[in-house]
Protein chains: 2
Amino acid sequence: MAAPVPDITLLRRSCAPCTLRQFCQHVGLPQRTPGSALGKPFGVNRGDSLFRAGDQHGRVYAVRTGAMKTVAVTADGEEHVLGFHLPGELLGLDSLATGVHCAEAVALADTQLCEFPVQGILSRSASSPELGARMLQVLGSSALGCRVHVDLLLRRQADERVAMFLYDLLLRLGRRDGQPSLTLPMSREDVGRYLGLALETVSRSLTRLQEDALIEVSGRSVRVLDEDRLRGVAMLPDTPSGSPLERQA
Amino acid sequence: MAAPVPDITLLRRSCAPCTLRQFCQHVGLPQRTPGSALGKPFGVNRGDSLFRAGDQHGRVYAVRTGAMKTVAVTADGEEHVLGFHLPGELLGLDSLATGVHCAEAVALADTQLCEFPVQGILSRSASSPELGARMLQVLGSSALGCRVHVDLLLRRQADERVAMFLYDLLLRLGRRDGQPSLTLPMSREDVGRYLGLALETVSRSLTRLQEDALIEVSGRSVRVLDEDRLRGVAMLPDTPSGSPLERQA
DNA sequence: CGTCAAATTGAATGGGGTCAAGCGGCGTGG
DNA sequence: CCACGCCGCTTGACCCCATTCAATTTGACG
């Protein structure tokens, strides 16, 4: 369904929240010259793999629209979801160190992305001082996302994990129109594989949070009724600044 | 007990495995000019805090000798161990993005470190092309460490987590003299807070692995008897290359 | 309207948490 | 030098929460 070269107005609009915007604009807006610029936009269909573990072609990607997940498979075939990547966020940064991807990236929906070859990033960073500094900040900011995941997984109670997951997603998706509501781009099973819980436990926890009047769930759409109490269940500090969940550079 | 300016031969020896070596040597060996160089060596005593969550002075540190841990505290006062930092490894990279530390760093033993101001890293990276590229690799490599932690925490069984923890530590400490043995620099409680398990569970799991003749435990010294089976319990792929636990750039 | 996937709900089992006691090493002070 | 006390580690017993298996409902799509 996704066109190989997406609508130009859609692209321009989706550049606003992109963490690579400054990087991209520095070398020339990709939507102006899709073929030759550093950031090359394209699309993948829901369910398609963007790259797999062991792929040699190290590339970094920025999500424009849609949503992606990165997964790793254990020796016994179990799937671990290492992260969800929403519009404006990056993925594939693991290949910066070695040039090889160590996870698989799958599209949760039809998704528009921009592609950046690692070699291009490294060489251009070398020739452009402020660009390199900017990349360091982007990378550090991305590492914080992983840190948040660890912090989440170290919580023992299922409700804490689910609450923190929702609260984090609420911040990242940015409450669009006043009301703090959001649409989950992933299945319960994927949430479970991200939280280290069985999908049934995720479902039960969601209904429990709904019974406590913290949220309102209907399929994949979630409305947050009491943001403060949700943060309380997630065991996050009252002061929203200074602590985790603040990685948007 | 730790001297403010450590032994010069000790420093030179500890530079070999340091991931910041190329960075450090590029701007001048710190042990040559301790005061003026970018990397400034110093020591902290066991139990001391190197920095705390919220500290404004963004600095990156490299461990020379000893061991550090980074911890975060939840709203209910529980301590989460986000990582252990062994000789040759970095800590404080979270401050690269915002300039503010979002965790506390505590010395597990008397420890020698090198200190790098973030501003110095950013500005020197800007003026030196290959240095910036090298820093990107260092940062990406560090992010992999966090990814390994997530991958570990997504394993449900306590034995899997403990086995993977030991196997990872074995690779990082590098089996010194032929025999694959290691000395844990942290308490069972810290291990538990890193693995998301109660300290009693860690202890039980260790004895279980010992009963199965996978390891030999005596206090904090662990000898790995069957490396392959240990990797099997950890649910890590047979092929040691291509998958996690490979972050030494 | 039928089909299938996703999600919810129920019941039973088990692994890990919690509380508690016991053990061992090590440093301090008598 | 030995006794004491502290701290870290181990081990046991009990209980709870999450997993597992299973059945049912809901919703999307043809």
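Every chain is numbered from 1 and lettered A, B, ... according to where its sequence line falls, protein lines coming before strand lines. For clarity, every value in this text was computed on a predicted model and none was experimentally measured. Hydrogens, waters and symmetry mates play no part in the numbers below; they use all other heavy atoms, side chains included.
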Residues passing the salt bridge (Lys or Arg N to Asp or Glu O under 4.0 Å) test with E104(A), sequence neighbours excluded, are R52(A)

Residue pairs meeting ring-ring contact (aromatic ring centres under 6.0 Å, His included), one or both in residues 193-235 of chain B, sequence neighbours left out, come to F84(B)-Y194(B), H149(B)-Y194(B), F165(B)-Y194(B)

Separation of dA6(C) atom C1' from D190(A) atom CG, nearest Å, is 12 Å

Taken to the nearest whole Å, CZ/R46(B) to C1'/dC7(D) is 11 Å

From CD of E216(A) across to C1' of dT8(C) the rounded distance in Å is 17 Å

List every contact pair, protein side and nucleotides 26-30 of chain D side both N or O, where the distance is under 3.5 Å.
none

Taking five pairs at each terminus, the helix from dC1(C)-dG30(D) to dG30(C)-dC1(D) shows an axis bend, to 10°, of 30°

Salt bridge (charged side-chain N to carboxylate O under 4.0 Å, His left out) pairs touching residues 178-200 of chain A, sequence neighbours excluded, are K69(A)-D190(A), E79(A)-R193(A), E189(A)-R193(A)

Under 3.5 Å, which protein N or O atoms sit close to an N or O of nucleotides 11-13 of chain D? Give each pair with its distance.
| residue | atom | partner | partner atom | Å |
| --- | --- | --- | --- | --- |
| dG12(D) | N7 | R204(B) | NH1 | 3.0 |
| dG12(D) | O6 | R204(B) | NH2 | 3.3 |

Residue set satisfying side chain to side chain contact (heavy atoms under 4.5 Å, CB included) with D159(B), at least two apart, ordered chain then number -> S205(B), R208(B), V233(B)

In short, ring-ring contact (aromatic ring centres under 6.0 Å, His included) pairs touching residues 207-228 of chain A with sequence neighbours left out are none

Protein N or O to nucleotides 21-23 of chain C N or O, pairs below 3.5 Å:
none

By salt bridge (Lys or Arg N to Asp or Glu O under 4.0 Å), R229(A) pairs with (sequence neighbours left out) D226(A)

R156(B) CZ to dG14(C) P, in whole Å, measures 17 Å

Can you give me every donor-acceptor pair (side chain of residues 213-222 of chain B, partner residue at least two apart or in another chain, under 3.5 Å) with its distance?
| residue | atom | partner | partner atom | Å |
| --- | --- | --- | --- | --- |
| E216(B) | OE1 | R223(B) | NH2 | 2.8 |
| S221(B) | OG | S218(B) | O | 3.0 |

Checklist entry - For R220(B), which contact category applies under a 4.0 Å heavy-atom criterion: base, sugar-phosphate, or nothing? => result sugar-phosphate

Contacts of S95(B) meeting side chain to side chain contact (heavy atoms under 4.5 Å, CB included) (sequence neighbours excluded), chain-then-number -> H101(B), V118(B)

Of all heavy-atom pairs linking L93(A) and S142(A), the shortest is CD1-OG, 2.9 Å

